[in-house]
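Encoded as structure tokens, the structure appears first; notes follow it.
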Amino acid sequence: MKLSRNILKLVLMSLWVCLVLNLKAQTNPAEILQLNSSNIQEAIRNLALEGKVRILVGTSKMPFIPPQPAPGAFTKPPLPEGFDFSTLFSEGKVQGAAGDSYQVDSMGIPSIVFADGPAGLRIDPHRKSTDSTFYCTAFPIATLLASSWDTALVYKVGNAMGNEVLEYGVDILLAPGMNLKRNPLTGRNFEYYSEDPIVSGKMAASMIKGIQSNGVGTSLKHFAVNNQETYRNGINVIIDERTLRETYLKGFGIAVKEGKPWTIMTSYNQINNVYLSESENLLTEVLRNEWGFKGFVLTDWWAEHDPVAQMKAGNDMLLPGHPDQISAIINAVRNGQLSEDVIDRNLEHILSIMVKTPACKKYRFTNKPDLIAHTAIARKAASEGMVLLKNDGGALPLKSKSKVALFGTGSYDLIIGGSGSGYVNRAYKVELTKGLILQHIAICDTLATVYTGYINEVKSKLPAENFWFIPGIEEYKVPKELIEAAAMESDIAVVTLRRISGEGTDRQLMNDFYLTNNEQELIKNVSGVFHQHNKKVIILINSGGVIESASWKKFVDAILLVHLPGQEAGNAIADVLTGKINPSGKLTSTYPVNYGDVASSKNFPLSDGNPSIVKYKEGIYVGYKYNTTFKVVPSFEFGFGLSYTTFTYEKAKVNNNILTDSLILSFVVKNVGKLAGNEIAQLYIHAPGKTMEKPDIELIDFAKTKLLKPGEFQQIKMIVKADDLASFDAKRLVWVTEPGEYVLKIAASSANIIKEIKVQVPKEIITKKVNRILPVPDKKNDL
Ligand code: BGC
């Protein structure tokens, strides 16, 4: 009896609980639908048009477009007077992030957060609400990482960056950047990897995988053919179909297929009269149908052209967003200009990524990423990407306990990263002086006092550093007596050449690519005096971009390219100078003798004096492909870099001399020097070029050895696929590997070919036909 009463009680209670829950569910739909991968369609069906469109457009209300250089002008106009940066990026959930998406509570659709950038997360380090700090690690720039030619290292850096993204509550990192370095004056080259599409594509793929291994997303940018800052919001790139495919899209294709980025950011520019964000051919045909991209596409910030055309093309999300874009899209649907199916398609792209985000999974971020561990990664990565360009008479490494005379403002105020969206709000930077002293290398104090006094005085008259501005300092004219005194009391001189890189402007030819008069004079004077005392002179190139080197390199004993090495700069440079780390980096961009030796120099940043057009007349001949084909000798070639030890290449062979599908190439790299070191081996091909015009050589693969001890060797294996040899035939719209004899060139650099093996492709190999991308250019804009 008692038992049945209890059962009855239990049943009644359960009924009551069910009733309450049911009522609650009816009144609070948020608890009915929690967005996940299986209810995306249901969410789309349940959303009203306005709700859908709001998700397609970011939440910003500010139509701010950073001032652009006037058409044809090189200099960036100042920001509006009194402009407060903190208002620019701080509206959303994470202060200082670049943007947010719209949240729909009733569907469990979260707001996701987007933040820059390629050298580490960029958010505000301070918040009004708390004394806690939100610093991020300033990793070395992309150019340095690529110069390590080490995809595992790049993955590791990406993995550390992604941890900061996750733990600071961000969902998508607006990185990596991977536009091809067409010209050394491109302002944002520091954010990119290489002049070669294979290097760029492989590096970007590893970076994407590393970041995304944390369960956060990336935004591969800027898709595509975004190779200059001058007039960047409107520039119309005139290019031919083959060059577009083989040179500028190839790397993106690799990164998309191998890296699988969650999102892609379209670039501001036009290609043959069509804005990238409005190009259905690129965004839907190439990206999705050919390459199998499964994420969503977003605009670059304030790329506010025609929102309806952007939607139709498959540019799924418009960022940072503006209410006008929302109304334009809604009106277009209402008046029949735009089908709601397009909205649903784009929304599906977005939601299918959103379900993977930490925001959707309600991840409880800590605001405490492992900054200490990341510091060690940043330091190691920085030293691995430095490139030893000259080392006569074993000038480096420094002898232990030596005393160094540091010249050049950069020796006391290193540039560690670029400005603009690639800037990182880090907690500190290690100067070279500190790095050396920590490794028991003394520095000349008199020089240090004079230089720091000068730098402080110059800086006191300039605005403080911020994400859009890094103060430039004219090189100090050191009196001869001071150089003499320094030479007397030191063992060796180090002169740092410092360059600022940033978003928004291209670099200057004079006083930037070419050295300033003060710099030339400094190098000559220091070398003159130190050499008289039988003491050596080392140059550090502290730059995010290529500079002229042919006119002054003869005066000095050693040159180390340190790039922009991130917050651990001073420690990492000292690691290489002292030999704690044996340099192994190699150039991923050519150092030309003169600017005129760059194939695009006649068509950069504009063509024929036309303020909005740039013609890619050099076609496929970018970087070393131009140098090697037209016998233009560079100052330092693509792929070049020295070590404190020496390597030999032996036992090169292929498993088959006939290539129909793929073959295996192998060779042995041996350390025959006295110090442990790593070697970067490269594989180029020389094609028959009978039916297709071809550059003399093209890189098809590369490998970095492990740290080899003296006498140690390692066998390297590379798989060569027939596809790797293909070129794009723009008439037939197919990738073709022409028949004939190919030379596989195993090399230490693009100008140092060590072994050659000939292989035969017996008959033409053609891949399946693709669609034409470009509208045929009109006569006026013809190449
Ligand atoms: C840059 C992008 C960046 C975005 C958000 C734009 O100015 O071109 O690379 O991700 O701003 O900060």
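Each ligand, and each atom within it, is numbered from 1 in the order the structure gives.
A salt bridge links Asp316 to Arg288: at least one charged side-chain nitrogen sits closer than 4.0 Å to a carboxylate oxygen. A salt bridge links Asp512 to Arg499: one of the charged nitrogens lies within less than 4.0 Å of a carboxylate oxygen. Checked for salt-bridge contact, Glu618 and Arg182 meet the test: a charged N lies under 4.0 Å from a carboxylate O.
Proximity to Lys221 (heavy-atom distance under 4.0 Å) selects the following atoms of ligand 1: 2 (C), 3 (C), 9 (O), 10 (O). Near Ser421, meaning under 4.0 Å from one of its heavy atoms, ligand 1 places the atoms 1 (C), 2 (C), 3 (C), 9 (O), 12 (O). Listed by atom number, the atoms of ligand 1 under 4.0 Å from Tyr268 heavy atoms are 6 (C), 7 (O), 8 (O). Near His222, the atoms of ligand 1 lying under 4.0 angstrom from a non-hydrogen atom of the residue are 2 (C), 8 (O), 9 (O). The contact set between ligand 1 and Arg232, taken as ligand atoms under 4.0 Å from a residue heavy atom, comprises 7 (O), 8 (O). Near Arg122, the atoms of ligand 1 lying under 4.0 angstrom from a non-hydrogen atom of the residue are 12 (O).
Applying the side chain to side chain donor-acceptor pair (under 3.5 Å) test to Tyr423 and every residue at least two apart in sequence or in another chain returns Glu465. Contacts of Thr151 classified as side chain to side chain donor-acceptor pair (under 3.5 Å), with partners at least two apart in sequence or in another chain: none.
Close to ligand 1: Met265, with a non-hydrogen atom less than 4.0 angstrom away.
Relative ring orientation between Tyr275 and His305 is described as parallel, the plane-to-plane angle staying below 30° on a 0-90° scale split at 30° and 60°.
The shortest side-chain heavy-atom distance between Trp301 and Phe114 falls under the 4.5 Å cut-off.
The closest non-hydrogen atom to atom 4 (C) of ligand 1, taken over Asn226, Leu174, Asp300, comes from Asp300.
Within the 4.0 Å heavy-atom criterion, neither part of Trp302 lies near ligand 1. Residue contacts with ligand 1, taken as heavy atom pairs separated by less than 4.0 Å, do not involve Glu229 at all.
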Practice task
Applying side chain to side chain donor-acceptor pair (under 3.5 Å), run through Ser421 and Arg188 and close with a yes or a no.
Solution key: CA-CA 10 Å; Ser421 49; Arg188 295 183 82 171; 3.0 Å; yes
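Between Arg188 and ligand 1, at least one pair of N/O atoms sits closer than 3.5 Å.
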